[in-house]
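A short write-up of the structure that comes next.
Numbering starts at 1 and runs along the sequence shown. Note that ligands are numbered from 1 as they come in the structure, with each ligand's atoms numbered from 1 the same way.
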Amino acid sequence: MKLALRAQGINPSPTLAIDAKAKQMIKDGLDIIGFGAGEPDFDTPEVIKDEAIAALKRGDTKYTPASGSVSLKEAVCFKMQRDHGLEYKPNQVVICCGAKHALYNLFQVICDPGDEVIIPAPYWVSYSEQVALAGAKPVFIPTHEAGCFKMTAEQLRSAITGKTVALILNSPSNPTGAVYSRQELEAIAAIAVEKNIIVVSDEIYEQLIYEGEHVSIATINPQIKDLTIIINGVSKTFAMTGWRIGYAVGDAKVIKAMGDLQSHSTSNPTTFCQAASVLALKNPPQEKITAMVSEFKRRREYMVDTVNKIPGLSCLKPAGAFYVFASIKGIIGKEYFGRKVSDADGFAELLLEHAKVAVVPGNGFGAPEYIRLSYATSFEKIEKGLSRIAEFVTEG
Ligand SMILES: *Cc1c(COP(=O)(O)O)cnc(C)c1O
């Protein structure tokens with residue numbers, strides 16, 4: 001059957017191949033430790049579940065407006081004011097089926113063929129694919145461990161061309177855990193304002209932060225606020241990945257276009273999930289979030305210390321999110337079981353086969369000399385998995 005050019009150009013998620021293999025091995029009864037989790041290993045807080053059940057019982061089972069319910073848009077405005085001191089009107093909010101969907105809709109409405117979107121690398125895999133699906137060209141700015149995986153304002157300035165429409169900022173970052181300071185954001189904002197480019201600020205990990213504080217670039221000044229589209233959602237903060245509620249906030253014209261696009265594709269996100277998200281944003285179960293963050297922090301300390309003791313591996317201490325992004329530069333070129341490791345893909349395959357540990361190779365994030373280890377898994381599994389990796393690299 002014919003496939004459109006657009007479809008032919010999609011790179012399937014590179015992490016899926018190894019994930020599929022790991023799942024098959026588990027199914028076959030093998031004891032695999034997985035470091036691949038991209039979601040909290042905590043359950044959604046009970047009060048939020050109860051609110052969804054109550055919503056179902058009171059009949060929140062029909063369509064809401066395609067761009068989301070008025071009450072959830074108001075709750076997002078309330079949250080923006082409470083957490084960031086940012087003022088928005090409900091017509092500046094669109095509710096989507098997850099933050100990923102909000103990003104997809106956004107690129108569809110701001111990108112024309114030939115436009116360029118700047119993405120600091122290492123980057124979350126879907127950014128580049130979504131930009132390409134909108135017909136635009138991803139332009140990568142390399143960042144390095146020495147600079148804590150953060151783009152500098154000078155790098156941004158030299159990447160901007162006459163075709164640049166937007167910059168994607170993801171702080172705290174998946175996969176590196178990097179968190180931009182207010183000062184760094186000020187320098188970036190000054191350039192974005194001068195060059196009049198849109199800042200797509202993916203703030204999905206804003207609450208999962210262990211050092212420093214989360215600053216939304218929209219808070220720097222009114223000019224940058226007008227150029228920023230904030231992307232966020234309930235998935236990570238409230239352990240609600242399966243509920244599929246995310247949102248975008250910003251320029252009313254762009255937001256309306258996203259809603260119009262959505263009105264011809266998914267229509268509204270699930271009605272009773274929107275109702276429960278109102279509660280999550282207005283009355284967050286703060287003690288549950290605090291407990292989750294402190295457990296992530298405990299695992300992070302252990303993981304960073306342990307990874308840095310494994311010969312050939314090293315990592316920075318991530319300031320946010322729930323991933324350790326470890327360099328395997330000391331492993332590349334070595335031979336294990338008759339196979340020479342040339343990049344993270346190869347190393348991940350060897351680890352899965354011989355150490356029974358699943359890690360995410362950095363190739364898909366634009367970082368083939370790194371692996372991503374998620375600590376959204378139990379402390380015991382982290383201990384066991386890391387000792388298997390240590391054993392593998394020392395004994396082969
Ligand atoms: C998890 C994640 C998202 C999207 O989450 P949704 O479940 O679609 O709301 C967006 N950006 C990054 C960087 C993520 O890691």
Out of His84, Arg182, Glu203, which one pairs with Ser216 under the side chain to side chain donor-acceptor pair (under 3.5 Å) rule?
Glu203
In the protein, what heavy atom is nearest to atom 15 (O) of ligand 1, and what distance, to one decimal place, separates them?
Tyr205 OH, 2.7 Å
Is it possible for you to check whether Lys100 lies under 6.0 Å from the centre of the six-membered ring of Tyr127, through NZ or CZ, and within 45° of that ring's axis?
no
Just to confirm my output: which protein heavy-atom neighbour is closest to atom 8 (O) of ligand 1, and how far is it?
Arg244 NH2, 2.8 Å
Below 4.0 angstrom from a heavy atom of Gly98, which ligand 1 atoms are there? Numbered from 1 as shown, please.
8 (O), 9 (O)
Do the charged groups of Glu184 and Lys150 touch, with an N to O distance under 4.0 Å?
yes
Just jot down the ligand 1 atoms closer than 4.0 angstrom to any heavy atom of Tyr127, in number order.
13 (C)
Could you tell me the separation between the CD1 atom of Ile118 and the CD1 atom of Ile197, rounded to the nearest 0.5 Å?
5.0 Å
For Glu74, give me all partners under side chain to side chain donor-acceptor pair (under 3.5 Å), at least two apart in sequence or on another chain.
none
Give the atoms of ligand 1, by number and element, whose distance to some non-hydrogen atom of Ser235 is under 4.0 Å.
6 (P), 7 (O), 9 (O)
Charged N to carboxylate O below 4.0 Å: is that the case for Arg58 and Glu51?
yes
Cation-pi check for Phe379 against Arg298: NZ or CZ below 6.0 Å from the six-membered ring centre and within 45 degrees of the axis, yes or no?
yes
The closest protein heavy-atom partner of atom 14 (C) of ligand 1 is Lys236 NZ, 3.1 Å
In terms of residue, atom name and distance, what is the protein heavy atom nearest to atom 11 (N) of ligand 1?
Asp202 OD2, 2.7 Å
Just to be sure I read this right, does ligand 1 sit under 4.0 Å from the backbone of Val234, its side chain, both, or neither, counting only heavy atoms?
neither
Is ligand 1 under 4.0 Å from a heavy atom in the side chain of Ala99, in the backbone, in both, or in neither?
both
Taking only heavy atoms of Asn174, which atoms of ligand 1 are found under 4.0 Å from at least one of them?
13 (C), 15 (O)
